[in-house]
J.: 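There's a structure below that I have some questions on.
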Number of protein chains: 2
Amino acid sequence: MRIGELSRVTGVSLRSLRYYEVKGLLAADREENGYRIYNATAIERVNTIQFYLRLGFSTDEIEGFLNCVMKNKEAFCEEILPMYEQKLAEIDRQLHQLGQIRSNLVERMEAIRREQESKASGQ
Amino acid sequence: MRIGELSRVTGVSLRSLRYYEVKGLLAADREENGYRIYNATAIERVNTIQFYLRLGFSTDEIEGFLNCVMKNKEAFCEEILPMYEQKLAEIDRQLHQLGQIRSNLVERMEAIRREQESKASGQ
DNA sequence: ATAAACCCTAACACTAATGTCATAGTCAAC
DNA sequence: GTTGACTATGACATTAGTGTTAGGGTTTAT
């Protein structure tokens with residue numbers, strides 16, 4: 001199939017499909033005129049790429065285990081679990097940081113509201 | 001005081017101080033030779049900018065209320081509480097999204113571990 | 001008068017996946 | 001044989017604050 005069809009079937013833009021090729025995630029043969037041709041397995045491959053992107057993995061990270069998880073079940077790939085653990089730690093760091101910011105925001109908001117009330121009550 | 005001293009006192013880089021000027025956050029007079037000169041209030045102003053940046057506000061957002069909060073107490077500025085609420089909502093959206101991703105990660109990790117164990121137990 | 005420390009502007013880099021546009025070749029259908 | 005749909009590559013834009021470098025003036029102290 002050509003790139004337009006692959007885009008329609010997967011819902012991924014032409015731009016992104018070409019980008020995945022540049023990043024080494026998605027190979028394509030070429031017709032004589034230079035058009036990319038994909039075999040049927042490309043659909044699942046693109047879906048898999050999107051799956052990992054939504055999990056917060058970068059294309060560079062995905063490149064490290066995509067071939068393995070496409071050939072085997074995820075659990076068979078030894079490199080995948082450490083990647084998950086590392087990504088989880090990253091997410092937890094971000095959650096912690098956002099939580100800190102949130103606390104500070106809420107604290108300031110409460111202080112402002114207290115000041116406004118004390119002013120309104122003629123205090 | 002000149003920019004180098006302001007940088008030393010506040011711990012903010014020259015680059016950032018000049019950037020704040022471009023963004024309209026921090027005005028500076030000029031000596032005849034073109035050097036920026038700041039009055040003493042610039043120190044508190046820079047500290048205030050940093051305070052809001054750490055709360056997750058952008059320079060554009062800070063520009064909207066900085067003059068008011070520098071002249072008055074925060075609670076006096078009517079525009080500030082809606083900004084806080086908006087920022088809090090933003091943070092909560094991000095927290096929610098990160099939480100979703102985290103759940104998916106953990107779920108996948110558990111599934112992988114289960115598969116590996118069932119394989120190891122000769123299942 | 002020279003070295004060291006200071007200041008100026010302007011510009012590129014960075015992150016990272018995607019959108020968009022420009023220019024152009026190819027192909028199918030009518 | 002021309003229109004319209006499809007494809008190709010390449011390049012710039014996006015976010016946003018900061019780092020860094022280049023090239024060039026100024027001030028201060030010795």
Side-chain angles (χ1 to χ4, degrees), chain A residues 1-38 42 45-64 66 83 86-87 90-91 93-94 97-98 101, chain B residues 1-38 42 45-64 66 83 86-87 90-91 93-94 97-98 101:
Chain A
M1 103 196 68
R2 301 217 272 231
I3 195 169
E5 190 181 349
L6 183 58
S7 170
R8 268 189 303 276
V9 173
T10 59
V12 174
S13 72
L14 304 180
R15 180 69 175 87
S16 294
L17 292 176
R18 296 190 184 115
Y19 179 69
Y20 299 160
E21 182 173 286
V22 169
K23 300 295 287 185
L25 294 178
L26 181 63
D29 285 334
R30 299 293 179 129
E31 294 177 9
E32 286 192 357
N33 54 22
Y35 288 10
R36 292 171 180 82
I37 40 179
Y38 300 93
R45 197 172 177 92
V46 170
N47 289 334
T48 305
I49 292 170
Q50 290 275 304
F51 171 78
Y52 286 116
L53 282 177
R54 276 192 296 266
L55 276 180
F57 289 99
S58 70
T59 52
D60 285 341
E61 290 167 335
I62 294 170
E63 206 259 338
L66 183 60
M83 295 291 281
Q86 181 185 326
K87 188 55 62 180
E90 230 172 83
I91 298 285
R93 268 194 302 278
Q94 292 180 46
Q97 192 169 354
L98 272 183
I101 292 175
Chain B
M1 107 196 64
R2 302 216 273 230
I3 195 169
E5 189 181 348
L6 183 58
S7 170
R8 267 189 303 277
V9 173
T10 61
V12 174
S13 72
L14 304 179
R15 179 70 175 87
S16 295
L17 292 176
R18 295 188 186 116
Y19 179 70
Y20 298 161
E21 182 173 287
V22 169
K23 299 295 287 185
L25 293 179
L26 182 63
D29 286 334
R30 299 292 179 131
E31 295 177 7
E32 286 192 357
N33 54 24
Y35 288 12
R36 292 170 180 81
I37 40 179
Y38 301 92
R45 195 171 178 94
V46 171
N47 287 335
T48 304
I49 293 169
Q50 289 277 304
F51 170 78
Y52 287 115
L53 282 177
R54 276 191 296 267
L55 277 181
F57 290 99
S58 71
T59 54
D60 285 341
E61 290 166 334
I62 294 171
E63 206 260 338
L66 183 61
M83 294 291 281
Q86 179 186 327
K87 187 56 61 181
E90 230 172 83
I91 298 284
R93 269 195 302 278
Q94 292 179 46
Q97 191 169 354
L98 273 183
I101 291 175

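Note: hydrogens, waters and symmetry copies are ignored here, and every other heavy atom, side chains too, is used. What you are looking at is a predicted structure, and each value in this text was computed from that prediction instead of being measured. Below, read A as the first sequence line, B as the second, and so on, with proteins coming before strands; counting in each chain starts at 1.
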J.: For A:Arg15 and D:dG10, what is the distance between atoms CZ and C1' respectively, to the nearest whole Å?
T.: 10 Å

J.: Atom CD of B:Gln50 to atom C1' of D:dG17: distance rounded to whole Å?
T.: 10 Å

J.: Confirm from the modelled atom types if B:Tyr19 and D:dG19 form a donor-acceptor pair under 3.5 Å, side chain to base only.
T.: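 A donor-acceptor contact between them is absent.
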
J.: Measuring to OP1 and OP2 of C:dT9, would you say a side-chain N or O of B:Arg36 lies under 4.0 angstrom away?
T.: yes

J.: Salt bridge or not for A:Glu61 and A:Lys87, using N-O below 4.0 Å?
T.: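 Result for this pair is yes, salt bridge flagged.
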
J.: Give a yes or no on whether a salt bridge exists between A:Arg45 and A:Glu21, defined as a side-chain N under 4.0 angstrom from a carboxylate O.
T.: no

J.: Find the distance B:Glu21:CD to D:dG17:P and express it as a whole number of Å.
T.: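 Answer to the nearest Å: 16 Å.
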
J.: Please classify the nucleic acid contact of A:Arg2 as base, sugar-phosphate, or nothing, using heavy-atom distances under 4.0 Å.
T.: sugar-phosphate

J.: Starting at atom CG of A:Leu14, determine the distance to atom C1' of D:dT9, rounded to an integer number of angstrom.
T.: 13 Å

J.: Can you tell me how far P of D:dT28 sits from CG of B:Asn33, to the nearest Å?
T.: 9 Å

J.: Kindly indicate whether the side chain of A:Val12, heavy atoms from C-beta on, has any atom under 4.5 Å from the side chain of A:Tyr20.
T.: yes

J.: Distance check needed: C:dT15 C1' versus A:Glu61 CD, whole Å only.
T.: 13 Å

